[in-house]
Amino acid sequence: MRGKLIVFEGLDRAGKSTQCNRLVESLQQDGQKVRHIKFPDRNTPSGQMINSYLKGESQQNDHVIHLLFSMNRWEAAPSILKDIEEGTTIIIDRYYYSGCVYSAAKNNPTLNLKWAHGPEEGLPRPDICIFLDISAEDAAKRGGFGSEKYENLQMQARVRELFGYLMQSSPEKDDFVRIDAAGSLNHVQQRVKEVVVKAMGRVDAEHLPLRFI
Ligand code: TMP
Ligand code: MG
């Protein structure tokens, strides 16, 4: 059986890293082969440019940084495909949904969601995307936003609105399951596991092929 592609999305500080780690551990305990990755991958050359931009150490125009984030995913695509083919499930902390939504949230008149989607087309499409939902205000309360580029209330509120649009009205809306992330870590973890087990079971039972964006 092929591996599955599982994505976590959400605002900064929604708890994605914690929930990814817990899910990886839990699936491994079930005897699954799992690999955990994260975008942006700050270690590659494109990732180093992204890192320096996010930290405010360099400037990029909105379109260029968008393409760098996309490039960062394309660099990883062959190894994701190979793993999935060989039966390893990939859990990703942020993917192209963040790519589209954060870029479009800047309200640049020539960079809307449709433009942002273009460079992502052809990447492997998730079997499921779990949106850990938290309000921008609650996210800000969680130890406060850090100093990175997009970590401010106004941007996060716009990002959440656009995620809402993706989940309701986009062609990808069925990829999403929204989980309320304001609850306790253990409760969220349980919900995540239920949703993931169901989605993985469905792929196997119906022999669903991996799709592409
Ligand atoms: P991180 O906090 O998950 O490391 O992500 C860094 C920031 O980059 C976060 O604010 C979301 C943003 N981002 C984009 O703008 N485009 C993308 O394609 C991705 C993956 C993240
Ligand atoms: Mg962050």
Side-chain angles (χ1 to χ4, degrees), residues 5-21 23-24 36-77 80 90-108 111-126 129-136 138-166 170 172 175-176 181 213:
L5 186 57
I6 298 166
V7 169
F8 281 83
E9 286 284 8
L11 303 187
D12 289 280
R13 317 217 41 90
K16 294 182 299 302
S17 314
T18 307
Q19 293 300 337
C20 273
N21 286 330
L23 178 65
V24 167
H36 181 187
I37 59 184
K38 153 164 193 43
F39 292 114
D41 173 355
R42 302 188 191 217
N43 299 310
T44 71
S46 67
Q48 286 163 9
M49 291 175 77
I50 292 168
N51 184 52
S52 128
Y53 171 82
L54 289 171
K55 293 197 170 338
E57 291 160 4
S58 64
Q59 312 284 313
Q60 300 286 352
N61 85 37
D62 294 343
H63 299 80
V64 170
I65 190 67
H66 181 78
L67 293 171
L68 282 170
F69 273 113
S70 184
M71 172 177 170
N72 192 246
R73 283 183 279 280
W74 277 104
E75 287 167 346
I80 293 175
I90 309 274
I91 316 275
I92 316 184
D93 185 343
R94 289 198 192 280
Y95 197 43
Y96 81 102
Y97 310 100
S98 277
C100 293
V101 159
Y102 278 78
S103 288
K106 294 172 167 179
N107 291 325
N108 180 319
L111 206 179
N112 58 16
L113 276 178
K114 179 170 173 284
W115 192 93
H117 197 271
E120 313 296 326
E121 287 166 17
L123 285 170
R125 181 164 165 183
C129 174
I130 293 168
F131 182 71
L132 293 180
D133 198 12
I134 185 173
S135 72
D138 283 350
K141 280 185 215 145
R142 292 190 168 177
F145 289 127
S147 54
E148 288 209 329
K149 190 86 178 170
Y150 303 136
E151 296 185 9
N152 63 78
L153 257 184
Q154 192 195 352
M155 178 75 178
Q156 298 290 321
R158 180 71 183 131
V159 162
R160 185 160 180 252
E161 258 176 29
L162 288 170
F163 268 123
Y165 168 81
L166 277 193
S170 74
E172 287 101 340
D175 294 3
F176 285 96
I213 297 163

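All values below were derived from every heavy atom in this structure, side-chain atoms included, with hydrogens, water molecules and symmetry-related copies excluded. As the structure lists them, so they are numbered: ligands from 1, and atoms in each ligand from 1. As the structure is a computational prediction, the values presented were derived from the model and not from experiment. Numbers here simply count residues along the sequence, with the first being 1.
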(message) Evaluate K16 for polar contact with ligand 1, using N/O atom pairs at a separation under 3.5 Å.
(response) no
Option of least heavy-atom distance to [atom] (set: [options]):
{"atom": "atom 19 (C) of ligand 1", "options": "F69, F8, Y150", "result": "F69"}
{"atom": "atom 3 (O) of ligand 1", "options": "R94, R73, H66", "result": "R94"}
{"atom": "atom 7 (C) of ligand 1", "options": "L68, I65, I92, L54", "result": "L54"}

(request) Using a strict 4.0 Å threshold on nitrogen-to-oxygen distance, state whether D12 and R142 make a salt bridge. (result) no
Would you mind listing which atoms of ligand 1 come within a distance below 4.0 Å of any non-hydrogen atom of [X]?
{"X": "D12", "value": "2 (O), 9 (C), 10 (O)"}
{"X": "F39", "value": "20 (C)"}
{"X": "K38", "value": "1 (P), 3 (O), 4 (O)"}

Is there a donor-acceptor contact under 3.5 Å from the side chain of [X] to the main chain of [Y]?
{"X": "R160", "Y": "G10", "result": "no"}
{"X": "K16", "Y": "F131", "result": "no"}
{"X": "N51", "Y": "G47", "result": "no"}
{"X": "H66", "Y": "A116", "result": "yes"}

(request) Specify whether an N/O/S atom of E148 falls short of 2.8 Å from the Mg ion (ligand 2). (result) no
(message) Looking at every non-hydrogen atom in both residues, tell me the closest pair between P126 and Y97 and how far apart they are.
(response) CG-OH, 3.4 Å
(message) Among the N/O/S atoms of D12, which is closest to the Mg ion (ligand 2)? Give the atom name.
(response) OD1
(message) So for atom CD, which belongs to E57, do other residues, nucleotides or ligands contribute more than 12 heavy atoms lying within a distance under 6.0 Å?
(response) yes
(request) Report the part of K149 in contact with ligand 1, treating N, CA, C, O as backbone and CB onward as side chain, heavy atoms under 4.0 Å; options are side chain, backbone, both, neither. (result) neither
